[in-house]
Each structure stands twice: as C-alpha cells, then as structure tokens.
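Starting from 1, each residue takes its place in the sequence as its number.
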Amino acid sequence: MKFNRLNSIIFAGFLSIVGVLIMQLLMLNRAYSFEKKEFEDKIHFALQDVVKRIYRDNKTDLAITNQIKKITDDYYIVNIDDVFEHQVLEYYLKSEFQKVKLGIDYEYAIYNCGTDEMIYGNYVSSDSGKPEKCENCFQKNEGLIYYFGIRFPDLQHKFITSLGQYWIYTGILFLVLIIYVYSVFLLLKQKKYTELQTDFINNMTHEFKTPLSSILIASQYASSQDEIKNNPKLAKYMQIITNQSHKLNQHIERILNVAKGDAKWIELDKKPINIKDALELVKENAILKSTKKSVVKIEIPSKISVLADEFHFNNVLYNIVDNALKYCSESPEIVIKSVENDRGITLHFSDNGSGIAPQHIDYVFDKFYRVPRENKKDIEGFGIGLFYVKKIIDLHHWKIAIQNNENQGITVSIFIPKKDVV
C-alpha cells in the first residue's frame with residue numbers, strides 16, 4: 001500500500017514536470033514562429049522600400065506588384081523590372097535595413113542579362129567579423145530580366161539567439177526532468193534494496209527461530225518426563241538448556257533489531273566492565289573458533305574499566321577480533337593496545353592482514369556491505385558485523401574509525417570518552 005502510493009506520487013510528479021516541459025516547448029515554438037515572422041516582415045518592408053526608391057530615382061511608376069519573392073527562409077529574389085546600379089542598390093539596402101533595425105549580415109547578387117549570370121555584388125556584415133561569402137549560392141530565376149537576389153546566411157542563427165531566455169528556461173526544465181528521473185531511479189533502487197533487506201531479515205529470523213523453537217519445545221517436553229524429574233542431575237541439565245535457549249532467543253531478537261535498524265528499541269544496560277577481562281574472554285572464543293595458528297596480544301592495563309552494555313560490548317570486541325582473524329593470512333597476529341589521555345581512552349586493534357582498498361574503506365560500516373575479495377566465498381558472513389559494531393558504538397556515544405596500516409593490515413580504533421571510563 002505504501003509503495004503503491006509512492007508510485008502514484010512519483011508518476012504524478014513526472015507527469016507534472018513533463019506537462020510543464022511540453023508547455024514550455026509549445027511556448028518556445030510560438031516564440032520562434034513570432035520571431036521568424038517579425039524578421040521576415042522587416043526584410044519584406046525594407047526590400048519593398050528599396051524598390052520604391054529605385055523607381056523614384058528612375059522617375060517611373062511601379063508597373064508590377066509582388067516584386068519580392070521568398071525562395072527559402074534566408075534567400076529572396078527582388079524583381080525591379082527597371083535598370084539600376086549596384087552601388088545605388090547597396091546604399092539603399094544598407095539604409096533601409098538600418099531603418100528597420102535588422103542588424104544581420106547579408107550578401108547580394110545582380111542578374112546580368114548580357115551574360116545570363118548572377119554577378120556577385122558584396123557581403124555586408126553587421127560587425128567586423130570575417131565574412132563567409134557564398135558566391136555560388138545565388139540561383140537564376142527564369143522569366144525575369146532586372147532583378148537581384150539577396151541572402152541572409154546568419155538568419156537561422158539569429159532566430160535561435162534572439163530566444164535566449166526561452167532556451168534558458170527550457171534547459172532548466174530539461175535539467176529538472178533529468179534530475180527528477182535520476183532521483184526516481186535512485187529511489188526505486190533503494191526501494192528494491194529495502195525489499196531485499198526485509199527478505200534477508202525475515203529469512204534470518206526464520207532460520208534462527210525455527211531450530212530454537214524446536215529446542216524449547218523438546219526441552220520443555222523432556223523436562224515433564226518422569227525419568228528427568230526423578231533424576232536431579234538430568235533435571236538440572238534440562239533446566240540449563242531451557243534457560244539458555246530463552247536467553248539465546250532474547251539475544252537473537254536484540255541482534256536482529258540492530259540489523260533491521262530498529263536501534264530505538266535497544267535499551268542499553270550499562271555497568272562497569274573490565275576491558276582486559278572482556279578481551280581475554282573474546283580472545284579465547286575467537287581463537288577456539290579459528291582454524292588458523294593465531295596470536296592475539298592484549299597490551300592493556302588490568303585496571304581499566306568502562307561503562308557499557310556487557311552483552312553488546314562483548315559482541316563488538318568479538319566482531320572486530322573475529323574479522324581480523326578471518327581476513328588475515330595463514331598466521332594472523334593481532335595487537336590490542338590502549339591509549340589514555342585527558343579526553344578518554346582509545347582502543348587500537350591492529351592486524352597483519354591484506355588491508356582494505358581505499359575505494360572500499362569508507363563503506364565497511366554500511367549494512368550488508370562486504371569488501372570484494374578473491375576468497376570472499378570461502379569466508380562466511382552477511383555484511384552486518386561491522387554495521388552492528390558501528391550501531392552499538394553510536395548508541396554508546398563513542399567513536400570508531402578504521403584505517404590501513406603503513407606496512408600491512410588495518411587498525412580499528414574505538415574512542416571511549418572520559419565520562420564512560422571508571
């Protein structure tokens with residue numbers, strides 16, 4: 001329901017932007033047509049006045065109509081039907097175009113009936129730029145004797161540049177549309193990512209809860225049997241199994257809540273914890289699990305304790321040490337040190353592994369992110385270990401950082417402020 005509504009909003013937003021863009025394109029087209037007509041009217045009126053002035057100089061009356069014929073958007077034929085000089089024609093063209101404030105380049109050619117050719121006149125530029133003459137661009141017109149042709153080579157460019165503000169608005173709308181489409185693409189990608197995350201959490205919950213429920217049912221059934229009840233030792237063992245299963249169930253709930261991002265449901269039970277004792281326990285469990293010949297050196301004073309949630313703090317330490325063992329060479333060596341100052345204590349976990357490529361090191365705390373490695377398939381993991389570590393560190397209001405060592409391996413640093421050091 002939520003995603004259907006989201007899709008409707010996205011679609012409505014897309015239609016709105018496309019609608020505005022279409023309206024802008026229609027306005028641009030109308031503005032282009034208007035600008036084009038305005039230029040054509042100026043050219044027509046100016047050329048008409050040129051013809052009138054030539055007839056007035058020759059002291060003859062206009063014997064024909066429709067002297068001006070538009071061949072293409074930038075090429076006109078003007079039928080004078082009377083003799084004229086090219087110097088006079090150029091003077092009149094300049095003066096009449098200045099009157100209408102045309103302000104564009106043009107070139108003209110005059111028909112010579114003696115040679116039956118168009119004789120190139122001149123290229124008149126509105127600025128000091130180098131003219132690009134096209135002497136072969138003038139075509140003859142059958143049936144006419146006294147006429148000239150005139151071209152406006154920059155007319156199309158003039159149309160486009162005169163609509164500068166319309167192009168800017170259209171470009172901005174296109175940019176908005178592109179950004180919107182890209183944002184929607186990222187949103188849909190995030191939606192797919194969220195769905196995959198939800199499926200993953202649901203699968204993980206099922207995989208954990210199903211065998212655990214079976215253990216609880218079996219242990220409760222076994223506890224009710226006379227053979228167990230009548231044997232104090234077996235009854236004690238069954239009670240341990242039941243209690244530990246319930247405790248494990250609670251731990252699974254807490255871990256999955258963190259994995260889902262439901263950190264607001266986590267309530268930390270802070271109490272003094274000796275760091276070295278906690279690390280010794282983590283060291284024992286991690287080495288026991290590892291199949292490699294490992295060395296874990298704990299160079300921390302015995303007296304240092306911090307206020308932390310015991311369960312989550314131990315998990316944080318275990319995750320960091322376990323990762324160092326997994327991603328190191330055949331002979332992992334981990335050194336754990338502490339540096340104390342007036343602001344607090346910093347724990348440094350240094351290993352001799354292969355390190356992390358610079359382009360990946362900023363993403364190692366992201367949910368489900370796993371650094372690409374050649375032996376990735378041989379190493380178990382779901383990409384939530386360091387995400388969980390970062391989440392717990394943030395909940396304690398501590399700080400964590402990771403960096404590559406100068407020679408080999410990485411160092412994970414946890415800063416614990418003075419208020420949490422006891």
Side-chain angles (χ1 to χ4, degrees), residues 28-167:
L28 180 63
N29 183 58
R30 290 184 62 182
Y32 178 83
S33 300
F34 178 80
E35 195 74 16
K36 181 179 177 182
K37 187 177 184 307
E38 185 179 10
F39 269 94
E40 289 176 351
D41 289 344
K42 287 182 178 180
I43 292 172
H44 183 83
F45 293 141
L47 293 177
Q48 200 170 43
D49 287 343
V50 169
V51 174
K52 290 179 181 179
R53 294 182 68 172
I54 291 175
Y55 270 85
R56 189 170 60 247
D57 290 345
N58 293 342
K59 298 180 180 180
T60 57
D61 297 328
L62 287 173
I64 59 173
T65 58
N66 299 325
Q67 297 97 333
I68 303 166
K69 182 180 180 182
K70 177 183 172 184
I71 306 300
T72 62
D73 285 342
D74 60 353
Y75 183 52
Y76 291 77
I77 290 291
V78 182
N79 182 19
I80 302 296
D81 199 29
D82 203 347
V83 294
F84 60 92
E85 298 292 333
H86 78 275
Q87 295 92 342
V88 174
L89 173 64
E90 182 172 327
Y91 173 78
Y92 286 160
L93 287 173
K94 287 181 179 178
S95 61
E96 294 302 326
F97 284 155
Q98 286 177 358
K99 284 182 183 179
V100 297
K101 299 179 179 179
L102 195 60
I104 56 175
D105 295 0
Y106 60 91
E107 56 185 344
Y108 69 93
I110 302 172
Y111 176 70
N112 187 328
C113 58
T115 60
D116 192 27
E117 292 180 350
M118 296 294 292
I119 305 301
Y120 189 82
N122 193 15
Y123 186 103
V124 181
S125 177
S126 60
D127 54 32
S128 57
K130 185 179 180 181
E132 297 181 4
K133 297 181 180 180
C134 184
E135 299 185 11
N136 298 323
C137 292
F138 294 90
Q139 59 188 27
K140 294 187 296 181
N141 196 290
E142 300 296 334
L144 302 180
I145 299 177
Y146 300 106
Y147 68 94
F148 68 91
I150 185 167
R151 287 184 69 251
F152 301 92
D154 295 332
L155 191 61
Q156 291 292 338
H157 178 71
K158 189 69 174 180
F159 290 159
I160 295 173
T161 55
S162 64
L163 302 174
Q165 60 179 353
Y166 290 95
W167 287 114

Side chains of I68 and Q48 in contact at under 4.5 Å (non-hydrogen atoms): yes

Minimum heavy-atom distance between E90 and Y106, given as atom pair plus value: O-OH, 4.5 Å

Non-hydrogen side-chain atoms of L47 and F97 separated by less than 4.5 Å: yes

Spacing of N141 atom CG and N79 atom CG [to the nearest 0.5 Å]: 8.0 Å

V124 side chain reached by L93 side chain, heavy atoms, under 4.5 Å: no

Atom CG of D116: over 12 foreign heavy atoms under 6.0 Å: yes

Point-to-point distance, once rounded to the nearest 0.5 Å, from CG of L102 to CD of E38: 10.0 Å

Heavy-atom side-chain contact between K36 and D73 under 4.5 Å: yes

With sequence neighbours excluded, residues passing side-chain hydrogen bond (donor to acceptor under 3.5 Å, both in side chains) with Y76: none

Residues in salt bridge (Lys or Arg N to Asp or Glu O under 4.0 Å) contact with K37, at least two apart in sequence or another chain: D41

Residues which pass side-chain hydrogen bond (donor to acceptor under 3.5 Å, both in side chains) with R151, listed by chain and number, not counting sequence neighbours: E107

From OH (Y108) to OH (Y123), nearest 0.5 Å: 14.0 Å

Exceeds 12 heavy-atom contacts within 6.0 angstrom, atom CD1 of I71: yes

E40: salt bridge (Lys or Arg N to Asp or Glu O under 4.0 Å) partners, not counting sequence neighbours: K70

Pairing residues for Y75 by the ring pair (Phe, Tyr, Trp, His ring centres under 6.0 Å) criterion, not counting sequence neighbours: F138

Shortest non-hydrogen contact from I77 toward Q139: CD1-O, 4.1 Å

Considering all heavy atoms, the nearest S95-R53 contact: OG-NH1, 3.1 Å

From D57 atom CG to E85 atom CD, the distance as rounded to the nearest 0.5 Å: 11.0 Å

Minimum side-chain heavy-atom gap D82-Y146 below 4.5 Å: no

Between Y147 and D81: side-chain donor-acceptor atoms closer than 3.5 Å: no

Euclidean distance, F148 CZ relative to I80 CD1, rounded to 0.5 Å: 5.0 Å

Test item: I104 and D154 side chains (from C-beta on) under 4.5 Å apart, heavy atoms: no

Candidate pair V78 and V50, rule side-chain contact (heavy atoms from CB on, under 4.5 Å), full reasoning: CA-CA 10 Å; V78 182; V50 169; over 6 Å; no

Euclidean distance, E142 CD relative to L144 CG, rounded to 0.5 Å: 9.0 Å

Ring pair (Phe, Tyr, Trp, His ring centres under 6.0 Å) partners of F84, counting only residues at least two apart: none

